[in-house]
Structures are given as C-alpha cells and as structure tokens.
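Scroll down for the structure; my scribbles are underneath it.
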2 protein chains.
Amino acid sequence: MSSENQELRKAGLKVTLPRVKILQLLEQAEDDNQHFSAEDVYRALMESGEDVGLATVYRVLTQFEAAGLVVRHNFEAGHSVFELAKGDHHDHIVCLTTGEVVEFFDEVIETRQRQLVEERGYELIDHSLVLYVRPKKD
Amino acid sequence: MSSENQELRKAGLKVTLPRVKILQLLEQAEDDNQHFSAEDVYRALMESGEDVGLATVYRVLTQFEAAGLVVRHNFEAGHSVFELAKGDHHDHIVCLTTGEVVEFFDEVIETRQRQLVEERGYELIDHSLVLYVRPKKD
DNA sequence: CTCCTTGCAAACTATTTGCACGGAG
DNA sequence: CTCCGTGCAAATAGTTTGCAAGGAG
C-alpha cells in the first residue's frame with residue numbers, strides 16, 4: 001500500500017488515479033525543479049500516457065492546497081505554481097535569467113517580520129518573499 | 001503648466017487626456033489607498049465623467065510602469081495593482097481582514113536579502129515581500 | 001448502491017490586440 | 001500633415017464550473 005494512498009485518505013480524499021498520479025509526480029520531483037504550474041503537471045501526465053483532463057489537474061491541485069498537501073505561489077502574474085508542502089516554511093529566490101527557483105530560510109528575516117507586524121498591532125498570518133536575481137557576472 | 005505634463009514628456013509620452021487624468025488620479029490618492037487595480041482606475045474615471053476605455057487604462061498603466069512612473073504588484077493571483085513610484089523602495093503589509101495595505105521599509109531585512117543572494121552567487125535585481133496579517137485581537 | 005470524481009466543453013476573469021478614427025505636435 | 005494614441009470589439013491565457021457518465025467504498 002503506497003504512502004500516497006494514506007496521505008490522500010488522511011486528507012479526506014478518495015483514492016483515485018488522477019490524485020495518486022499527481023501526488024507521485026510532485027513527490028518524485030527533482031530537487032531543482034519542485035515548482036509546477038497546472039500546465040506542467042498536465043503535460044507531464046500526458047507524457048507518461050495518463051489521460052487526465054486539465055480541469056481535473058486544477059481541481060486536484062486546489063484540493064491538495066486546501067488539505068495542506070501543497071502550497072501555491074504566485075511568483076509572477078498570470079499563473080500559479082505549486083509545490084509539495086514539506087512541513088518547513090521557506091522563501092524563494094527566482095532567477096530571471098534561467099527561471100531556476102532556489103529555496104531558502106533565514107531566521108533573521110523571519111524574526112524581523114514578526115516584529116514589524118507586531119509593532120503595528122497586527123498578527124502575522126502568512127508572508128511571501130521572493131528575491132528576483134541574475135547570475136553574478138565577473 | 002501642470003507638473004503631470006512635464007512628467008509625461010520626460011517619460012517620452014505624448015500629453016493626452018487619459019494619461020493626464022490617470023496620473024492625477026494616482027497622485028491625488030489618499031495615503032491609505034494608494035493601490036489601484038485597472039478596474040479601480042477605470043471606475044474612478046467613469047465616476048468623474050471621463051470617457052476612457054478600459055483597454056486604454058491598461059495600456060497607460062503598462063506604459064507608466066515601463067517608464068518607471070508606476071510600480072505593479074501582484075499581491076494576489078488573478079489581478080495586478082498599481083501604485084505611483086515615489087522613488088523610495090518599500091514593502092507591503094496586507095490586512096486579510098480589511099484589505100488595507102500598509103507600506104514599510106526595514107533596513108535589516110533589505111541588507112539580509114542582499115547578503116543571502118550574494119552568498120549564492122547571484123545579483124539581486126528586485127524583490128517582493130508581502131506580509132499578510134490580521135488585526136491583533138486581545 | 002450512493003455519492004464523490006472526472007472529462008469535456010462552455011463560462012469566466014483579467015488582460016491584450018487589431019483596426020479605423022481622432023487628436024497632439 | 002503625420003503619426004501616435006484611443007475606443008471598441010474580438011482575441012487570449014489561466015482558471016473555474018455545469019453536466020452527464022464513471023468509479024470508489
């Protein structure tokens with residue numbers, strides 16, 4: 001019994017082929033390419049011969065997000081990308097030249113954010129930090 | 001001769017009614033409401049009796065962005081908001097309860113960002129930091 | 001069996017573009 | 001005058017939804 005099935009059940013979702021396939025795909029993602037658009041997922045499924053509709057991909061990803069299995073990012077306008085929720089929070093560095101996405105976590109920044117928000121009488125619910133970079137030339 | 005006209009010329013744009021009106025609107029924005037979607041701008045113009053097409057609003061805002069007069073943000077998926085570029089860089093706190101947007105600038109975070117990117121062999125081109133909050137209940 | 005899911009197509013939302021006319025310089 | 005800029009409608013891109021058929025428990 002694959003672990004995906006249990007994760008799905010735990011999330012209150014029936015174990016169906018599209019859900020299992022999509023979850024597998026996200027879990028098997030290379031370290032350097034863990035961020036997928038709905039199209040990416042759709043294309044990958046097509047290529048491995050799975051006959052899943054794009055609408056289903058969107059539905060499944062949205063359900064996964066609601067269940068906390070997946071996190072949705074909006075690095076750029078016009079489309080979302082999804083990545084498997086690995087429990088740990090992290091922010092992103094997006095390379096404008098190569099499109100590469102690097103994850104990072106920095107306690108100094110995290111702490112400072114909480115402080116700034118507190119000072120202004122708010123409670124920090126979530127945050128999004130994206131650093132857009134280019135390879136250092138020299 | 002209004003200052004808007006000069007700003008437009010400096011940006012290499014002809015002085016036309018839609019451009020002047022939109023620029024005025026952005027400049028006259030209240031301190032607590034400086035972030036407009038294209039729809040917001042369009043609606044405001046309609047209400048003041050100006051007959052400008054939504055397509056033109058998009059075109060003008062995009063030109064303003066290219067000219068550096070305006071900055072575009074994607075706080076949430078599905079639509080952009082624009083604010084007048086005031087020269088200074090700042091980040092945003094978005095209240096999930098009231099929709100309010102507060103600007104802030106923190107040197108500790110700014111410095112740290114540059115550091116993190118350098119360490120990884122990149123050059124920081126731009127960044128986007130949005131803190132999503134709720135009013136502190138007590 | 002009974003719902004939850006799915007595929008497909010149509011619907012939607014935000015934004016962009018083609019085109020002929022109108023206005024700025 | 002000569003183009004650039006504009007309004008309108010049609011086109012696009014990403015995402016969502018209605019519906020009837022299919023599948024999980």
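Chain A is the first sequence line, chain B the second, and so forth, proteins listed ahead of strands; every chain is numbered from 1. All values below were derived from every heavy atom in this structure, side-chain atoms included, with hydrogens, water molecules and symmetry-related copies excluded.
- Contact record, A:Ala77 with B:Asn74: CB-ND2, 3.2 Å, taken as the closest heavy-atom pair.
- Nucleotide C:dT15 holds its P atom 11 Å from the CD atom of B:Glu76, rounded to whole Å.
- Within 6.0 Å of atom NZ in B:Lys10, 12 or fewer heavy atoms from other residues, nucleotides or ligands are found, so the atom counts as exposed in its surroundings.
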Practice item. Treat primed atoms plus P, OP1 and OP2 as sugar-phosphate and everything else as base, then score nucleotides 19-25 of chain C 5' to 3': B for base contact with protein heavy atoms under 4.0 Å, S for sugar-phosphate contact only, - for none. Key: ----BBS

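- At a threshold of 4.0 Å, the pair A:Arg19-A:Glu7 does not count as salt-bridged, since none of the basic side-chain nitrogens sits closer than that to a carboxylate oxygen.
- Remark: B:Arg72 engages B:Glu65 in a salt bridge, criterion side-chain N to carboxylate O under 4.0 Å.
- Ring to ring, A:His73 and A:Phe82 are not that close: their centroids are 6.0 angstrom or more apart.
- Straight-line distance from the CG atom of B:Leu8 to the P atom of D:dC4: 17 Å, rounded to whole Å.
- Between B:Thr16 atom OG1 and B:Ile22 atom CD1 the span is 8.0 Å, to the nearest 0.5 Å.
- Spacing between atom NE2 of B:His73 and atom C1' of C:dA14 amounts to 18 Å, rounded to whole angstrom units.
- Between A:Arg114 and A:Glu107, at least one side-chain N (NZ, or NE/NH1/NH2) sits under 4.0 Å from a carboxylate O, which counts as a salt bridge.
- A straight line from CZ of B:Phe64 to C1' of D:dG5 spans 12 Å, rounded to a whole angstrom.
- Atom CD1 of B:Ile22 is separated from atom C1' of D:dG7 by 13 Å (rounded to the nearest Å).
- Nucleotide C:dT5 holds its C1' atom 15 Å from the CG atom of A:Leu61, rounded to whole Å.
- In summary, A:Lys21 and A:Glu50 engage in a salt bridge, as defined by a charged side-chain N under 4.0 Å from a carboxylate O.
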Review point. Along nucleotides 9-15 of chain D, 5' to 3', which nucleotides get a B, which get an S, and which get a -, given that the test is a protein heavy-atom distance under 4.0 Å?
Key: B----SB

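- In this structure the side chain of A:Gln63 never reaches within 4.5 angstrom of the side chain of A:Leu69, judged on heavy atoms.
- For B:Tyr42 and C:dT16, the OH to P distance is 16 Å, given to the nearest whole Å.
- You'll find the ring centres of B:His90 and B:Phe104 outside the 6.0 Å limit.
- Across the helix from C:dC1-D:dG25 to C:dG25-D:dC1, the helix axis at one end is tilted relative to the axis at the other end by 30° (nearest 10 degrees, each axis from five pairs).
- Linking ILVMFWY residues whenever their side-chain heavy atoms come closer than 4.5 Å, directly or via other members, leaves B:Tyr122 and A:Val94 in distinct clusters.
- Here the P atom of nucleotide C:dT5 and the NZ atom of A:Lys21 are 19 Å apart, to the nearest Å.
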